[in-house]
K.L.:
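Below are the structure tokens for one structure; questions will follow.
Protein chains get the first letters and strands the later ones, always in sequence-line order, with residue 1 at the start of each. Note that the coordinates shown come from a computational prediction; the quantities given were computed from them, not determined experimentally.
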There are 2 protein chains.
Amino acid sequence: MKKENGKYLLCPMAKLQKIIAGKWKVYILWILAHQTIRYGELHRELAGITQSMLTKQLRELENDGFIIRHIYNEVPPRVEYALSDLGRTFVPILKDLNQWGQTHLK
Amino acid sequence: MKKENGKYLLCPMAKLQKIIAGKWKVYILWILAHQTIRYGELHRELAGITQSMLTKQLRELENDGFIIRHIYNEVPPRVEYALSDLGRTFVPILKDLNQWGQTHLK
DNA sequence: CTGCATCCCATTTGATACTG
DNA sequence: CAGTATCAAATGGGATGCAG
């Protein structure tokens, strides 16, 4: 590992950590990694999350550039969420995390 | 991805997420990934963390089986921290996270 | 040097009700 | 259906002082 000014280069981890720090972020990304999904279905998959929290997490992921929100002008309203290009680059890591968890956290 | 009872298998991620959720956990692991280190030096590397917080995080990582605490009966007291076998299995993921951050979070 | 105890604040998360 | 608003609760994190 490289050092700089005698300190470890922790910076690259900093932003990344904030992304996966939330209680639901990785779950949301993990679901979106496999499919585009509507708000309502996402809410059902994430048993336990409240609507307000889900909305908040989705907004943050959107602002961080990880996901894309597609609004259809229909009645009833329909909104779909999908990974962005950036989000897709993160999928291999999600798979590794999942694999590690299955292997080591029995 | 496999489903079970109509829900995604999020469980493997659950415990893992709690480990990396803390504000300092990944940093501590990242430093320990490269060397065994004393409490004091770790405290200096992690600029900004308070002693009580560092102690707390180290205890949690120890309880989770990620790190090992080695106490030397000396005066002045000396305590060294190192990754456990389990902790070392997590190093590749830490490297991937770091690499991803450097690539995508400029 | 290592690290515990106490108090305190900020942020995060949750419960509930309501709306276009 | 897909949210927003409001309030309450839990948690995380920090400041400070003390101790073996």
K.L.:
Once you round it to whole Å, what is the distance between C1' of dT4(D) and CG of L58(A)?
P.N.:
14 Å

K.L.:
Measure the distance from CE on M53(A) to C1' on dA2(D) and round it to the nearest whole Å.
P.N.:
17 Å

K.L.:
Whole angstrom is fine here: how far is it from CG in L61(B) over to P in dG3(C)?
P.N.:
14 Å

K.L.:
Report the relative orientation of the aromatic rings in H43(A) and Y39(A); use parallel for angles under 30°, tilted for 30 to 60°, perpendicular for over 60°.
P.N.:
tilted

K.L.:
Contact class for E60(B) (heavy atom, under 4.0 Å): base, sugar-phosphate, or nothing?
P.N.:
nothing

K.L.:
Check nucleotides 8-10 of chain C against the protein and report each pair of N or O atoms closer than 3.5 Å, with its distance, or say if there are none.
P.N.:
none

K.L.:
Tell me the interatomic distance from L46(A), atom CG, to dA2(D), atom P, rounded to whole angstroms.
P.N.:
14 Å

K.L.:
Determine: side-chain N/O of Q51(A) to OP1/OP2 of dG14(C), distance under 4.0 Å, yes or no.
P.N.:
no

K.L.:
Please state whether the phosphate of dA2(D), meaning OP1 or OP2, lies under 4.0 angstrom from any side-chain nitrogen or oxygen of R78(A).
P.N.:
no

K.L.:
Over all strands shown, is K23(B) touching base, sugar-phosphate only, or nothing at heavy-atom distances under 4.0 angstrom?
P.N.:
sugar-phosphate

K.L.:
Is the distance from OP1 or OP2 of dT4(D) to the nearest side-chain N or O of Y39(A) less than 4.0 Å?
P.N.:
no

K.L.:
When the distance from NE2 of H70(A) to P of dA2(D) is rounded to whole Å, what number comes out?
P.N.:
13 Å

K.L.:
Starting at atom CG of L54(B), determine the distance to atom C1' of dT16(D), rounded to an integer number of angstrom.
P.N.:
17 Å

K.L.:
Is R59(A) close enough to dT4(D) that one of its side-chain N or O atoms is under 4.0 Å from OP1 or OP2 there?
P.N.:
yes

K.L.:
Between F66(B) and W100(A) (judged by ring centroids, cut-off 6.0 Å), do the two rings come close enough to count as a pair?
P.N.:
yes

K.L.:
What is the distance, rounded to the nearest whole Å, between atom CD1 of I37(B) and atom C1' of dC1(C)?
P.N.:
14 Å

K.L.:
What is the nucleic acid contact for Y72(B), judged by heavy atoms within less than 4.0 Å: base, sugar-phosphate only, or nothing?
P.N.:
nothing

K.L.:
Please report the distance, rounded to the nearest Å, between CZ in R69(B) and C1' in dC4(C).
P.N.:
11 Å

